[in-house]
Amino acid sequence: MEVNSKIPYIDVIAVTKDLCEYVTGKDQEIVYGQVTLKDGEDYNKYLSAIVCNKEDVEKVLIETSKLNGKTMEEYLKSLNKDFCHIATFKEDVRRYEIDFNPRSDSKIKANIDDEHAYVDMFFRRFIKFRNNLIENKQVVKRDDIYQYFLSITGFEQNRPNNSKKSK
């Protein structure tokens, strides 16, 4: 494994959901809002990965669809800050990893708003932790992000047929 600023996509969305549940104390849902954004002279279809309160799912879908036709910059500024926006990416992109380096050429870059800075900070600290393990030639495991989550929150990762439990 090499030092980098990427985390598997599935890990980012799952842990973001759990972090938001931990902070808000409310059940959260992962939502994919479809939106058509203007790229120069062209319009392209995008997906926004967003975490919100369970009762706000429909609201997220309506609000993101109302932003069709905007540029990416306009779109990101217009998103409702009550929802945790993780990333917006072209609809046809394979979702392997999310890059937390805004200057990278990755197809999916994290774009978490200031209102959910605790989520962004969690992942950046995890990346630093993981990269330190790599640099020191220590073992890096696939579930390190979940272990890191547990060490900070004291909650178990939300998995099928396993409710959250306090340690």
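This one's a predicted model, so the numbers in the text were calculated from it and none came from an experiment.
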Under the side-chain contact (heavy atoms from CB on, under 4.5 Å) rule, what do V60 and E29 come out as? Steps first, then yes or no, please.
-> CA-CA 11 Å; V60 168; E29 195 69 40; over 6 Å; no
Which residues share a ring pair (Phe, Tyr, Trp, His ring centres under 6.0 Å) with Y75, sequence neighbours left out = none
Output all residues satisfying ring pair (Phe, Tyr, Trp, His ring centres under 6.0 Å) with F129, sequence neighbours left out; order by chain, then residue number.
->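 F129: ring pair (Phe, Tyr, Trp, His ring centres under 6.0 Å) contacts with Y148.
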Is there a path of hydrophobic side-chain contacts, each under 4.5 Å between heavy atoms of I/L/V/M/F/W/Y residues, joining [Y] to [X]?
| X | Y | result |
| --- | --- | --- |
| F149 | V119 | yes |
| I127 | V15 | yes |
| Y96 | F123 | no |
| M121 | F83 | no |
| V93 | M72 | no |

Apply side chain to side chain donor-acceptor pair (under 3.5 Å) to [X] and list each qualifying residue two or more places apart in sequence or on a separate chain.
| X | value |
| --- | --- |
| Y118 | none |
| S5 | D99 |
| D114 | none |
| N80 | E63 |

Residue list, salt bridge (Lys or Arg N to Asp or Glu O under 4.0 Å) with R124, at least two apart or on another chain |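 With sequence neighbours excluded, R124 shows a salt bridge (Lys or Arg N to Asp or Glu O under 4.0 Å) to D120, given in chain and number order.
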Sequence-distant partners of K77, salt bridge (Lys or Arg N to Asp or Glu O under 4.0 Å), two or more places apart |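 Result, salt bridge (Lys or Arg N to Asp or Glu O under 4.0 Å) vs K77: E73.
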Using modelled atom types and a 3.5 Å cut-off, is there a donor and acceptor pairing between side-chain atoms of [X] and backbone atoms of [Y]?
| X | Y | value |
| --- | --- | --- |
| H116 | H85 | no |
| Q28 | E21 | no |
| D144 | K141 | yes |

Could you walk me through whether I86 and I30 pass side-chain contact (heavy atoms from CB on, under 4.5 Å), step by step?
-> CA-CA 10 Å; I86 300 169; I30 301 163; 5.6 Å; no
Which donor-acceptor pairs under 3.5 Å do side chains of residues 34-41 form with protein atoms, sequence neighbours excluded?
| from | atom 1 | to | atom 2 | distance (Å) |
| --- | --- | --- | --- | --- |
| Q34 | NE2 | E91 | OE2 | 2.6 |
| D39 | OD1 | Y46 | OH | 3.0 |
| D39 | OD2 | N44 | ND2 | 2.4 |
| D39 | OD2 | Y46 | OH | 2.7 |

Of all the heavy-atom pairs spanning [X] and [Y], show the shortest one and how long it is.
| X | Y | value |
| --- | --- | --- |
| G33 | L61 | CA-CD2, 4.1 Å |
| A110 | A87 | CA-CB, 4.4 Å |
| L133 | V139 | CD1-O, 4.0 Å |

Which residue pairs pass the salt bridge (Lys or Arg N to Asp or Glu O under 4.0 Å) test when at least one of the two sits in residues 1-14, sequence neighbours left out?
-> D11-R142
Within a reach of under 6.0 Å around OH of Y32, are more than 12 heavy atoms found that belong to other residues, nucleotides or ligands?
-> yes
Within a reach of under 6.0 Å around NZ of K109, are more than 12 heavy atoms found that belong to other residues, nucleotides or ligands?
-> yes
With sequence neighbours left out, write down each residue that passes side chain to side chain contact (heavy atoms under 4.5 Å, CB included) with K81, or none if nothing qualifies.
-> D113, E115
Those residues at least two apart in sequence (or on a different chain) that pass side chain to side chain contact (heavy atoms under 4.5 Å, CB included) with D92 are K90
Start with the C-alpha distance between I13 and T16, add both sets of side-chain angles, then the distance that settles side-chain contact (heavy atoms from CB on, under 4.5 Å), and finish with yes or no.
-> CA-CA 5 Å; I13 61 170; T16 298; 5.7 Å; no
Side chains of D82 and D56: closer than 4.5 Å at any heavy-atom pair?
->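 The answer is no, as the side chains (C-beta and beyond) never meet within the 4.5 Å cut-off.
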May I ask you to establish whether R130 and F100 are in a cation-pi arrangement, using a distance under 6.0 Å from NZ or CZ to the six-membered ring centre and at most 45° from the ring axis?
->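 No, a cation-pi geometry is absent between R130 and F100.
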